[in-house]
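The structure appears right after this line, and notes come after that.
Here is how names work: the chains are called A, B, and so on, in the same order as the sequence lines, proteins then strands, and each is numbered from 1.
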Protein chains: 2
Amino acid sequence: MAVDVVIFTLVKDRLSWLLVEVKDGPFIGKWAFPGGLVRGPESVDEAAARELSERTGVNAGYLEQLYTFGKPERDPGTRAVSVSYMALVPLAQIRLNPGPKYSAAKWQKVNRLPVLAYDHTQVARLALQRLRAKVQYTNIVCHLLPREFTLGEMQRVYEIILRRSLDRRNFRKKILALGLLTPLRRQKIGPHRPATLYAFRQRRPMVIEVL
Amino acid sequence: MAVDVVIFTLVKDRLSWLLVEVKDGPFIGKWAFPGGLVRGPESVDEAAARELSERTGVNAGYLEQLYTFGKPERDPGTRAVSVSYMALVPLAQIRLNPGPKYSAAKWQKVNRLPVLAYDHTQVARLALQRLRAKVQYTNIVCHLLPREFTLGEMQRVYEIILRRSLDRRNFRKKILALGLLTPLRRQKIGPHRPATLYAFRQRRPMVIEVL
DNA sequence: CCAAAAGTGTTGGTCTTACACCCATGC
DNA sequence: GCATGGGTGTAAGACCAACACTTTTGG
(Lines give C-alpha, C1' and ligand atoms only; values in the text may rest on other atoms or scores of the structure.)
Protein backbone atom coordinates (compact mmCIF):
# COMPACT_ATOMS: atom_id res chain seq x y z
CA MET A 1 0.00 0.00 0.00
CA ALA A 2 1.79 3.08 -1.26
CA VAL A 3 1.19 6.67 -2.30
CA ASP A 4 2.70 8.69 -5.13
CA VAL A 5 2.53 12.46 -5.31
CA VAL A 6 2.74 14.59 -8.43
CA ILE A 7 3.83 17.99 -7.17
CA PHE A 8 3.25 20.86 -9.58
CA THR A 9 4.70 24.30 -9.44
CA LEU A 10 5.62 27.10 -11.81
CA VAL A 11 9.33 27.54 -12.39
CA LYS A 12 10.12 30.62 -14.45
CA ASP A 13 6.81 30.56 -16.31
CA ARG A 14 7.04 26.84 -17.00
CA LEU A 15 4.68 24.29 -15.51
CA SER A 16 6.91 21.77 -13.78
CA TRP A 17 6.66 18.77 -11.55
CA LEU A 18 9.01 17.32 -9.01
CA LEU A 19 10.94 14.21 -10.01
CA VAL A 20 13.17 12.12 -7.78
CA GLU A 21 15.83 9.63 -8.75
CA VAL A 22 15.20 6.13 -7.50
CA LYS A 23 18.03 4.86 -5.36
CA ASP A 24 17.44 1.12 -5.41
CA GLY A 25 15.19 -1.71 -6.51
CA PRO A 26 14.51 -2.74 -10.11
CA PHE A 27 14.09 0.88 -11.19
CA ILE A 28 17.37 2.16 -9.79
CA GLY A 29 18.60 5.27 -11.56
CA LYS A 30 15.21 6.03 -13.12
CA TRP A 31 13.20 9.13 -12.36
CA ALA A 32 9.84 8.94 -10.65
CA PHE A 33 7.36 10.96 -8.65
CA PRO A 34 8.06 10.91 -4.93
CA GLY A 35 6.14 8.36 -2.96
CA GLY A 36 6.35 5.67 -0.37
CA LEU A 37 4.61 3.17 1.77
CA VAL A 38 1.75 4.13 4.03
CA ARG A 39 2.89 3.71 7.64
CA GLY A 40 1.01 1.86 10.31
CA PRO A 41 -0.87 4.56 12.17
CA GLU A 42 -1.51 7.01 9.32
CA SER A 43 -4.28 7.23 6.74
CA VAL A 44 -3.56 7.22 3.02
CA ASP A 45 -4.21 10.96 2.78
CA GLU A 46 -1.83 11.56 5.64
CA ALA A 47 0.88 9.53 3.94
CA ALA A 48 0.55 11.70 0.84
CA ALA A 49 0.70 14.88 2.90
CA ARG A 50 3.77 13.56 4.68
CA GLU A 51 5.48 12.79 1.40
CA LEU A 52 4.71 16.28 0.13
CA SER A 53 6.00 17.83 3.32
CA GLU A 54 9.17 15.73 3.50
CA ARG A 55 10.21 16.54 -0.07
CA THR A 56 9.30 20.20 -0.14
CA GLY A 57 8.90 21.42 3.41
CA VAL A 58 5.38 22.56 2.49
CA ASN A 59 2.68 21.64 4.97
CA ALA A 60 -0.30 23.46 3.58
CA GLY A 61 -0.81 23.68 -0.16
CA TYR A 62 -3.31 21.81 -2.24
CA LEU A 63 -3.47 18.04 -2.27
CA GLU A 64 -6.00 15.98 -4.19
CA GLN A 65 -6.35 12.27 -4.74
CA LEU A 66 -6.11 11.25 -8.38
CA TYR A 67 -6.55 7.55 -8.83
CA THR A 68 -5.65 4.20 -7.38
CA PHE A 69 -3.59 1.87 -9.48
CA GLY A 70 -4.01 -1.74 -8.54
CA LYS A 71 -1.30 -3.23 -10.64
CA PRO A 72 1.79 -1.11 -10.61
CA GLU A 73 4.98 -2.68 -11.81
CA ARG A 74 6.69 -1.61 -8.66
CA ASP A 75 8.14 -4.79 -7.21
CA PRO A 76 6.73 -7.00 -9.96
CA GLY A 77 5.18 -10.11 -8.54
CA THR A 78 3.45 -8.59 -5.56
CA ARG A 79 0.17 -6.81 -6.13
CA ALA A 80 1.26 -3.51 -4.66
CA VAL A 81 -1.46 -0.90 -4.80
CA SER A 82 -0.59 2.73 -5.07
CA VAL A 83 -2.80 5.74 -4.59
CA SER A 84 -1.71 8.75 -6.62
CA TYR A 85 -2.16 12.36 -5.59
CA MET A 86 -1.53 15.69 -7.17
CA ALA A 87 -0.28 18.71 -5.23
CA LEU A 88 0.02 22.39 -6.09
CA VAL A 89 2.53 24.57 -4.31
CA PRO A 90 4.01 27.98 -5.02
CA LEU A 91 7.71 27.65 -5.72
CA ALA A 92 8.64 30.38 -3.25
CA GLN A 93 7.70 28.27 -0.24
CA ILE A 94 9.74 25.24 -1.23
CA ARG A 95 12.90 23.78 0.24
CA LEU A 96 13.69 20.70 -1.81
CA ASN A 97 14.91 17.65 0.06
CA PRO A 98 15.38 14.29 -1.71
CA GLY A 99 15.49 12.54 1.65
CA PRO A 100 17.16 9.21 2.29
CA LYS A 101 15.08 7.28 -0.26
CA TYR A 102 16.19 9.17 -3.34
CA SER A 103 19.54 10.16 -4.75
CA ALA A 104 18.27 13.41 -6.28
CA ALA A 105 15.27 15.66 -6.71
CA LYS A 106 14.64 18.21 -9.43
CA TRP A 107 11.96 20.29 -11.11
CA GLN A 108 11.19 19.12 -14.61
CA LYS A 109 9.08 20.92 -17.20
CA VAL A 110 5.97 18.90 -17.94
CA ASN A 111 6.70 18.65 -21.64
CA ARG A 112 9.76 16.58 -22.50
CA LEU A 113 9.04 13.88 -19.95
CA PRO A 114 11.73 11.22 -19.50
CA VAL A 115 10.79 7.56 -19.21
CA LEU A 116 9.63 7.16 -15.65
CA ALA A 117 9.89 4.31 -13.17
CA TYR A 118 6.94 2.17 -12.13
CA ASP A 119 3.66 3.07 -13.83
CA HIS A 120 4.40 6.74 -13.42
CA THR A 121 4.00 7.67 -17.05
CA GLN A 122 0.34 6.86 -16.66
CA VAL A 123 0.18 8.84 -13.42
CA ALA A 124 1.80 11.79 -15.18
CA ARG A 125 -0.77 11.83 -17.96
CA LEU A 126 -3.61 11.65 -15.50
CA ALA A 127 -2.26 14.42 -13.29
CA LEU A 128 -1.81 16.82 -16.18
CA GLN A 129 -5.23 16.04 -17.54
CA ARG A 130 -6.84 16.60 -14.16
CA LEU A 131 -4.99 19.85 -13.58
CA ARG A 132 -5.93 21.22 -16.99
CA ALA A 133 -9.55 20.30 -16.51
CA LYS A 134 -9.77 21.58 -13.00
CA VAL A 135 -8.33 25.06 -13.48
CA GLN A 136 -11.30 25.67 -15.73
CA TYR A 137 -14.01 24.97 -13.21
CA THR A 138 -12.44 25.56 -9.81
CA ASN A 139 -10.32 28.17 -8.09
CA ILE A 140 -7.27 25.93 -7.62
CA VAL A 141 -4.90 28.29 -9.42
CA CYS A 142 -4.82 30.18 -6.14
CA HIS A 143 -2.34 27.56 -4.96
CA LEU A 144 0.09 28.36 -7.74
CA LEU A 145 -0.03 32.09 -7.20
CA PRO A 146 1.48 34.14 -4.39
CA ARG A 147 -0.87 35.76 -1.89
CA GLU A 148 -0.89 38.97 -3.94
CA PHE A 149 -0.69 39.07 -7.69
CA THR A 150 -1.69 41.09 -10.71
CA LEU A 151 -4.32 40.05 -13.21
CA GLY A 152 -1.57 39.75 -15.78
CA GLU A 153 0.25 37.20 -13.64
CA MET A 154 -2.94 35.28 -13.10
CA GLN A 155 -3.69 35.23 -16.80
CA ARG A 156 -0.19 33.95 -17.50
CA VAL A 157 -0.77 31.01 -15.16
CA TYR A 158 -3.87 30.03 -17.09
CA GLU A 159 -2.12 30.41 -20.40
CA ILE A 160 0.78 28.25 -19.25
CA ILE A 161 -1.42 25.48 -17.93
CA LEU A 162 -3.87 25.50 -20.82
CA ARG A 163 -1.25 26.10 -23.50
CA ARG A 164 -3.25 28.73 -25.29
CA SER A 165 -3.34 32.48 -25.16
CA LEU A 166 -6.32 34.28 -23.74
CA ASP A 167 -7.69 37.68 -24.63
CA ARG A 168 -6.72 40.10 -21.90
CA ARG A 169 -9.95 42.10 -21.82
CA ASN A 170 -12.18 39.07 -21.86
CA PHE A 171 -10.12 37.39 -19.17
CA ARG A 172 -10.39 40.40 -16.86
CA LYS A 173 -14.09 40.75 -17.42
CA LYS A 174 -14.75 37.12 -16.56
CA ILE A 175 -12.44 36.80 -13.61
CA LEU A 176 -13.59 40.02 -12.01
CA ALA A 177 -17.23 39.16 -12.62
CA LEU A 178 -16.76 35.97 -10.62
CA GLY A 179 -16.10 38.05 -7.55
CA LEU A 180 -13.44 35.69 -6.25
CA LEU A 181 -10.81 38.38 -6.06
CA THR A 182 -10.50 41.42 -3.90
CA PRO A 183 -8.46 44.33 -5.23
CA LEU A 184 -5.80 45.63 -2.87
CA ARG A 185 -4.93 49.24 -2.35
CA ARG A 186 -1.34 48.58 -3.26
CA GLN A 187 0.12 48.24 -6.68
CA LYS A 188 2.94 46.30 -8.17
CA ILE A 189 5.93 48.49 -8.78
CA GLY A 190 8.49 47.59 -11.38
CA PRO A 191 9.77 48.42 -14.81
CA HIS A 192 6.33 49.04 -16.32
CA ARG A 193 3.10 50.74 -15.57
CA PRO A 194 2.06 49.82 -12.02
CA ALA A 195 -0.63 47.15 -11.86
CA THR A 196 -3.31 46.70 -9.27
CA LEU A 197 -2.66 43.80 -6.93
CA TYR A 198 -5.39 41.33 -6.15
CA ALA A 199 -5.83 38.51 -3.66
CA PHE A 200 -8.28 35.62 -3.46
CA ARG A 201 -11.10 36.30 -1.03
CA GLN A 202 -11.28 32.59 -0.26
CA ARG A 203 -8.53 30.09 -0.77
CA ARG A 204 -10.62 27.06 0.03
CA PRO A 205 -11.58 24.88 -2.95
CA MET A 206 -14.64 26.08 -4.82
CA VAL A 207 -16.40 24.87 -7.91
CA ILE A 208 -17.03 27.81 -10.23
CA GLU A 209 -17.09 27.99 -14.01
CA VAL A 210 -13.93 29.98 -14.56
CA LEU A 211 -13.25 29.89 -18.29
CA MET B 1 -7.49 -3.79 0.90
CA ALA B 2 -11.12 -3.90 -0.19
CA VAL B 3 -13.43 -2.68 -2.91
CA ASP B 4 -16.99 -1.38 -2.71
CA VAL B 5 -19.26 -1.09 -5.70
CA VAL B 6 -22.23 1.24 -6.07
CA ILE B 7 -24.37 -0.37 -8.75
CA PHE B 8 -26.92 1.91 -10.36
CA THR B 9 -29.88 0.92 -12.44
CA LEU B 10 -33.31 2.25 -13.31
CA VAL B 11 -36.18 0.42 -11.67
CA LYS B 12 -39.57 1.58 -12.94
CA ASP B 13 -38.36 5.09 -13.75
CA ARG B 14 -36.56 5.45 -10.43
CA LEU B 15 -32.82 5.71 -10.10
CA SER B 16 -31.82 2.94 -7.72
CA TRP B 17 -28.76 1.32 -6.31
CA LEU B 18 -28.10 -2.15 -5.03
CA LEU B 19 -27.89 -2.58 -1.28
CA VAL B 20 -26.92 -5.74 0.57
CA GLU B 21 -27.54 -6.66 4.18
CA VAL B 22 -24.38 -7.29 6.18
CA LYS B 23 -24.35 -10.72 7.73
CA ASP B 24 -21.73 -10.37 10.42
CA GLY B 25 -19.13 -8.13 12.00
CA PRO B 26 -19.82 -4.90 13.88
CA PHE B 27 -22.28 -3.75 11.22
CA ILE B 28 -24.44 -6.88 11.23
CA GLY B 29 -27.97 -6.20 10.05
CA LYS B 30 -27.07 -2.88 8.43
CA TRP B 31 -27.33 -2.20 4.71
CA ALA B 32 -24.28 -1.47 2.62
CA PHE B 33 -22.99 -1.47 -0.92
CA PRO B 34 -21.61 -4.82 -1.99
CA GLY B 35 -17.87 -5.21 -1.65
CA GLY B 36 -15.12 -7.40 -0.40
CA LEU B 37 -11.45 -8.03 -0.08
CA VAL B 38 -9.17 -8.04 -3.06
CA ARG B 39 -7.88 -11.55 -3.58
CA GLY B 40 -4.26 -12.50 -4.03
CA PRO B 41 -3.86 -12.78 -7.77
CA GLU B 42 -6.33 -10.14 -8.93
CA SER B 43 -5.99 -6.39 -9.43
CA VAL B 44 -8.22 -3.92 -7.66
CA ASP B 45 -10.22 -3.28 -10.83
CA GLU B 46 -10.70 -7.00 -11.27
CA ALA B 47 -11.97 -7.37 -7.72
CA ALA B 48 -14.58 -4.70 -8.41
CA ALA B 49 -15.62 -6.37 -11.66
CA ARG B 50 -15.88 -9.70 -9.84
CA GLU B 51 -18.06 -8.19 -7.13
CA LEU B 52 -20.33 -6.68 -9.78
CA SER B 53 -20.54 -9.96 -11.62
CA GLU B 54 -21.16 -12.09 -8.53
CA ARG B 55 -24.04 -9.93 -7.29
CA THR B 56 -25.75 -9.25 -10.59
CA GLY B 57 -24.53 -11.76 -13.13
CA VAL B 58 -23.44 -8.88 -15.35
CA ASN B 59 -19.99 -9.15 -16.85
CA ALA B 60 -19.91 -6.19 -19.18
CA GLY B 61 -21.55 -2.94 -18.17
CA TYR B 62 -19.86 0.22 -17.07
CA LEU B 63 -17.46 0.31 -14.14
CA GLU B 64 -15.55 3.35 -12.96
CA GLN B 65 -13.33 3.95 -9.99
CA LEU B 66 -14.62 6.66 -7.66
CA TYR B 67 -12.29 7.25 -4.77
CA THR B 68 -10.08 5.52 -2.27
CA PHE B 69 -10.94 5.88 1.37
CA GLY B 70 -7.99 5.36 3.63
CA LYS B 71 -9.75 5.32 6.92
CA PRO B 72 -12.99 3.42 6.75
CA GLU B 73 -14.58 2.37 10.00
CA ARG B 74 -14.77 -1.16 8.76
CA ASP B 75 -13.02 -3.24 11.40
CA PRO B 76 -12.11 -0.23 13.54
CA GLY B 77 -8.51 -0.38 14.64
CA THR B 78 -6.99 -1.67 11.45
CA ARG B 79 -6.29 0.82 8.68
CA ALA B 80 -8.33 -0.95 6.07
CA VAL B 81 -8.33 0.85 2.76
CA SER B 82 -11.24 0.57 0.42
CA VAL B 83 -11.48 1.58 -3.20
CA SER B 84 -14.98 2.53 -4.27
CA TYR B 85 -16.42 2.04 -7.73
CA MET B 86 -19.63 2.91 -9.46
CA ALA B 87 -21.29 0.66 -12.01
CA LEU B 88 -24.15 1.19 -14.44
CA VAL B 89 -26.21 -1.74 -15.65
CA PRO B 90 -29.57 -2.06 -17.39
CA LEU B 91 -32.01 -3.80 -15.10
CA ALA B 92 -33.05 -6.27 -17.76
CA GLN B 93 -29.73 -8.08 -17.70
CA ILE B 94 -29.62 -8.63 -13.96
CA ARG B 95 -30.01 -11.76 -11.85
CA LEU B 96 -29.60 -10.67 -8.25
CA ASN B 97 -27.58 -12.91 -5.98
CA PRO B 98 -26.70 -11.86 -2.44
CA GLY B 99 -24.07 -14.59 -2.28
CA PRO B 100 -22.75 -16.14 0.90
CA LYS B 101 -21.51 -12.88 2.42
CA TYR B 102 -24.85 -11.13 2.63
CA SER B 103 -28.24 -12.09 3.98
CA ALA B 104 -30.19 -10.08 1.40
CA ALA B 105 -29.88 -7.85 -1.64
CA LYS B 106 -32.36 -5.29 -2.91
CA TRP B 107 -32.76 -2.29 -5.17
CA GLN B 108 -33.29 0.90 -3.27
CA LYS B 109 -34.31 4.27 -4.69
CA VAL B 110 -31.50 6.76 -4.28
CA ASN B 111 -33.60 9.20 -2.31
CA ARG B 112 -34.70 7.92 1.10
CA LEU B 113 -31.34 6.36 1.90
CA PRO B 114 -31.16 4.32 5.12
CA VAL B 115 -28.19 4.64 7.47
CA LEU B 116 -25.49 2.57 5.85
CA ALA B 117 -22.71 0.43 7.27
CA TYR B 118 -19.04 1.43 7.16
CA ASP B 119 -18.36 4.79 5.54
CA HIS B 120 -20.87 4.07 2.83
CA THR B 121 -22.97 7.16 3.32
CA GLN B 122 -19.99 9.12 2.06
CA VAL B 123 -19.53 6.69 -0.81
CA ALA B 124 -23.20 7.09 -1.71
CA ARG B 125 -22.96 10.88 -1.87
CA LEU B 126 -19.88 10.70 -4.03
CA ALA B 127 -21.34 8.16 -6.44
CA LEU B 128 -24.50 10.18 -7.02
CA GLN B 129 -22.53 13.35 -7.49
CA ARG B 130 -20.23 11.71 -10.01
CA LEU B 131 -23.10 10.14 -11.92
CA ARG B 132 -25.00 13.43 -12.13
CA ALA B 133 -21.92 15.28 -13.30
CA LYS B 134 -20.89 12.67 -15.78
CA VAL B 135 -24.15 12.20 -17.66
CA GLN B 136 -23.74 15.81 -18.69
CA TYR B 137 -20.40 15.52 -20.40
CA THR B 138 -20.09 11.87 -21.43
CA ASN B 139 -22.20 9.25 -23.15
CA ILE B 140 -22.52 6.97 -20.11
CA VAL B 141 -26.30 6.91 -20.17
CA CYS B 142 -25.92 4.33 -22.90
CA HIS B 143 -25.30 1.83 -20.11
CA LEU B 144 -28.66 2.52 -18.51
CA LEU B 145 -30.61 2.21 -21.74
CA PRO B 146 -31.46 -0.88 -23.72
CA ARG B 147 -29.78 -1.37 -27.07
CA GLU B 148 -32.72 0.29 -28.84
CA PHE B 149 -34.70 3.13 -27.37
CA THR B 150 -36.78 6.15 -28.27
CA LEU B 151 -35.70 9.71 -27.71
CA GLY B 152 -38.49 10.01 -25.19
CA GLU B 153 -37.04 7.18 -23.14
CA MET B 154 -33.60 8.69 -23.32
CA GLN B 155 -34.89 12.04 -22.21
CA ARG B 156 -36.63 10.43 -19.28
CA VAL B 157 -33.35 8.89 -18.13
CA TYR B 158 -31.75 12.32 -18.09
CA GLU B 159 -34.67 13.83 -16.26
CA ILE B 160 -34.59 11.12 -13.64
CA ILE B 161 -30.89 11.40 -12.98
CA LEU B 162 -30.76 15.18 -13.03
CA ARG B 163 -34.08 15.67 -11.23
CA ARG B 164 -35.31 18.35 -13.57
CA SER B 165 -37.46 18.37 -16.62
CA LEU B 166 -36.01 19.12 -20.00
CA ASP B 167 -37.62 20.73 -22.98
CA ARG B 168 -38.39 18.05 -25.52
CA ARG B 169 -37.56 20.04 -28.64
CA ASN B 170 -34.29 21.38 -27.28
CA PHE B 171 -33.30 17.96 -26.03
CA ARG B 172 -33.86 16.37 -29.42
CA LYS B 173 -32.03 19.09 -31.23
CA LYS B 174 -28.98 18.79 -29.00
CA ILE B 175 -28.82 15.02 -28.83
CA LEU B 176 -29.30 14.51 -32.54
CA ALA B 177 -26.78 17.24 -33.34
CA LEU B 178 -24.16 15.31 -31.38
CA GLY B 179 -24.37 12.53 -33.92
CA LEU B 180 -23.95 9.84 -31.29
CA LEU B 181 -27.16 8.09 -32.24
CA THR B 182 -28.17 6.25 -35.32
CA PRO B 183 -31.87 6.08 -36.16
CA LEU B 184 -33.21 2.62 -36.85
CA ARG B 185 -35.74 1.74 -39.48
CA ARG B 186 -38.03 0.21 -36.93
CA GLN B 187 -40.38 2.01 -34.63
CA LYS B 188 -41.65 1.40 -31.17
CA ILE B 189 -45.18 0.11 -31.28
CA GLY B 190 -47.51 0.58 -28.35
CA PRO B 191 -50.51 2.48 -27.11
CA HIS B 192 -49.43 5.79 -28.59
CA ARG B 193 -48.04 7.25 -31.73
CA PRO B 194 -45.11 5.10 -32.89
CA ALA B 195 -41.69 6.54 -32.12
CA THR B 196 -38.49 6.11 -34.04
CA LEU B 197 -36.01 3.81 -32.36
CA TYR B 198 -32.40 4.85 -31.98
CA ALA B 199 -29.19 3.13 -30.93
CA PHE B 200 -25.80 4.44 -29.89
CA ARG B 201 -23.28 4.28 -32.70
CA GLN B 202 -20.52 3.76 -30.15
CA ARG B 203 -20.96 2.40 -26.67
CA ARG B 204 -17.39 3.03 -25.57
CA PRO B 205 -16.92 5.92 -23.17
CA MET B 206 -16.62 9.32 -24.83
CA VAL B 207 -16.29 12.82 -23.50
CA ILE B 208 -18.82 15.06 -25.23
CA GLU B 209 -20.71 18.07 -23.95
CA VAL B 210 -24.19 16.57 -23.80
CA LEU B 211 -26.35 19.10 -21.94
C1' DC C 1 -63.49 10.41 -29.39
C1' DC C 2 -60.11 10.58 -25.81
C1' DA C 3 -55.65 10.12 -23.65
C1' DA C 4 -50.97 9.96 -24.28
C1' DA C 5 -46.68 10.43 -26.38
C1' DA C 6 -44.25 11.89 -30.95
C1' DG C 7 -42.80 15.20 -33.87
C1' DT C 8 -41.49 19.86 -35.41
C1' DG C 9 -39.19 25.96 -35.85
C1' DT C 10 -38.83 30.37 -34.42
C1' DT C 11 -37.61 34.14 -31.53
C1' DG C 12 -35.41 36.95 -27.88
C1' DG C 13 -31.96 37.10 -24.74
C1' DT C 14 -27.58 35.90 -23.09
C1' DC C 15 -23.00 34.77 -23.56
C1' DT C 16 -18.70 34.55 -26.16
C1' DT C 17 -15.42 36.18 -29.12
C1' DA C 18 -12.75 39.31 -31.63
C1' DC C 19 -10.66 43.45 -31.81
C1' DA C 20 -7.34 48.70 -31.01
C1' DC C 21 -5.90 52.41 -28.65
C1' DC C 22 -3.84 55.06 -24.94
C1' DC C 23 -1.24 54.99 -20.31
C1' DA C 24 2.49 54.65 -16.85
C1' DT C 25 6.83 53.28 -15.70
C1' DG C 26 12.09 52.16 -15.80
C1' DC C 27 15.84 52.24 -18.38
C1' DG D 1 11.95 57.93 -26.43
C1' DC D 2 11.25 53.26 -26.38
C1' DA D 3 9.94 48.83 -24.79
C1' DT D 4 6.83 46.57 -21.88
C1' DG D 5 2.87 45.42 -19.66
C1' DG D 6 -1.68 47.85 -17.74
C1' DG D 7 -6.05 49.38 -18.49
C1' DT D 8 -10.53 49.90 -20.97
C1' DG D 9 -15.64 49.10 -24.40
C1' DT D 10 -18.21 47.61 -28.29
C1' DA D 11 -20.24 45.01 -31.92
C1' DA D 12 -21.26 40.57 -34.42
C1' DG D 13 -22.16 35.98 -34.03
C1' DA D 14 -23.02 31.73 -31.49
C1' DC D 15 -25.57 29.52 -28.31
C1' DC D 16 -29.48 28.67 -25.18
C1' DA D 17 -34.12 28.89 -23.33
C1' DA D 18 -38.76 29.42 -23.94
C1' DC D 19 -42.68 28.43 -26.27
C1' DA D 20 -47.79 25.60 -29.08
C1' DC D 21 -49.83 23.02 -32.19
C1' DT D 22 -50.60 18.91 -34.98
C1' DT D 23 -50.08 13.77 -35.60
C1' DT D 24 -50.64 8.93 -34.61
C1' DT D 25 -51.93 5.23 -32.15
C1' DG D 26 -54.69 2.03 -28.75
C1' DG D 27 -58.42 1.51 -26.12
Let me know the distance between [atom1] of [X] and [atom2] of [N], rounded to the nearest Å.
{"X": "B:Leu151", "N": "C:dA4", "atom1": "CG", "atom2": "P", "answer": "21 Å"}
{"X": "A:Phe149", "N": "D:dG5", "atom1": "CZ", "atom2": "P", "answer": "19 Å"}
{"X": "A:Gln155", "N": "D:dG5", "atom1": "CD", "atom2": "P", "answer": "12 Å"}
{"X": "B:Met154", "N": "C:dA5", "atom1": "CE", "atom2": "C1'", "answer": "18 Å"}
{"X": "A:Leu178", "N": "C:dT16", "atom1": "CG", "atom2": "P", "answer": "10 Å"}
{"X": "B:Leu184", "N": "C:dA6", "atom1": "CG", "atom2": "C1'", "answer": "16 Å"}
{"X": "A:Glu153", "N": "D:dT4", "atom1": "CD", "atom2": "P", "answer": "18 Å"}
{"X": "B:Arg156", "N": "C:dA6", "atom1": "CZ", "atom2": "C1'", "answer": "11 Å"}

Problem set entry | Neighbour count above 12 (heavy atom, 6.0 Å) for A:Arg14 CZ | no

Sub-3.5 Å pairs of nitrogen or oxygen atoms, protein against nucleotides 8-17 of chain D:
| unit_1 | atom_1 | unit_2 | atom_2 | d |
| --- | --- | --- | --- | --- |
| D:dT10 | O4 | A:Lys173 | NZ | 3.0 |

Exercise. At what distance, to the nearest 0.5 angstrom, does CG of B:Leu88 lie from OG1 of B:Thr9?
Worked result: 8.5 Å

Problem set entry | Separation of B:Tyr85 OH from B:Leu63 CG (nearest 0.5 Å) | 7.0 Å

Problem set entry | B:Glu51 bridged to B:Arg55 by N-O distance under 4.0 Å | yes

Exercise. When you check the phosphate oxygens OP1 and OP2 of D:dG7, does a side-chain N or O of A:Thr196 lie under 4.0 Å from one of them?
Worked result: yes

For this session: Check whether any side-chain N or O of B:Thr150 sits under 4.0 Å from OP1 or OP2 of C:dA5, and answer yes or no.
Result: no

I'd like a table of atom pairs between the protein and nucleotides 23-25 of chain C - only N or O on both sides, under 3.5 Å - with the distance next to each one.
| unit_1 | atom_1 | unit_2 | atom_2 | d |
| --- | --- | --- | --- | --- |
| C:dC23 | O4' | A:Arg193 | NH1 | 3.4 |
| C:dC23 | O2 | A:Arg193 | NH1 | 3.2 |
| C:dA24 | N3 | A:Arg193 | N | 3.4 |
| C:dT25 | O2 | A:Pro191 | O | 2.9 |

Exercise. Taking the side chain from A:Asn139 and the backbone from A:Arg204, do they hold a donor-acceptor pair closer than 3.5 Å?
Worked result: yes

Problem set entry | Test item: B:Gln155 side-chain N/O and B:Leu166 main-chain N/O as donor-acceptor pair under 3.5 Å | yes

Exercise. Residues in salt bridge (Lys or Arg N to Asp or Glu O under 4.0 Å) with A:Arg130, at least two apart?
Worked result: A:Glu64

Exercise. According to the interplanar angle, ranging from 0 to 90°, do the rings of B:Phe149 and B:Phe200 count as parallel (below 30°), tilted (30 to 60°) or perpendicular (above 60°)?
Worked result: tilted

For this session: Just say parallel, tilted or perpendicular for the rings of B:Phe8 and B:Trp17, cut-offs at 30° and 60°.
Result: tilted

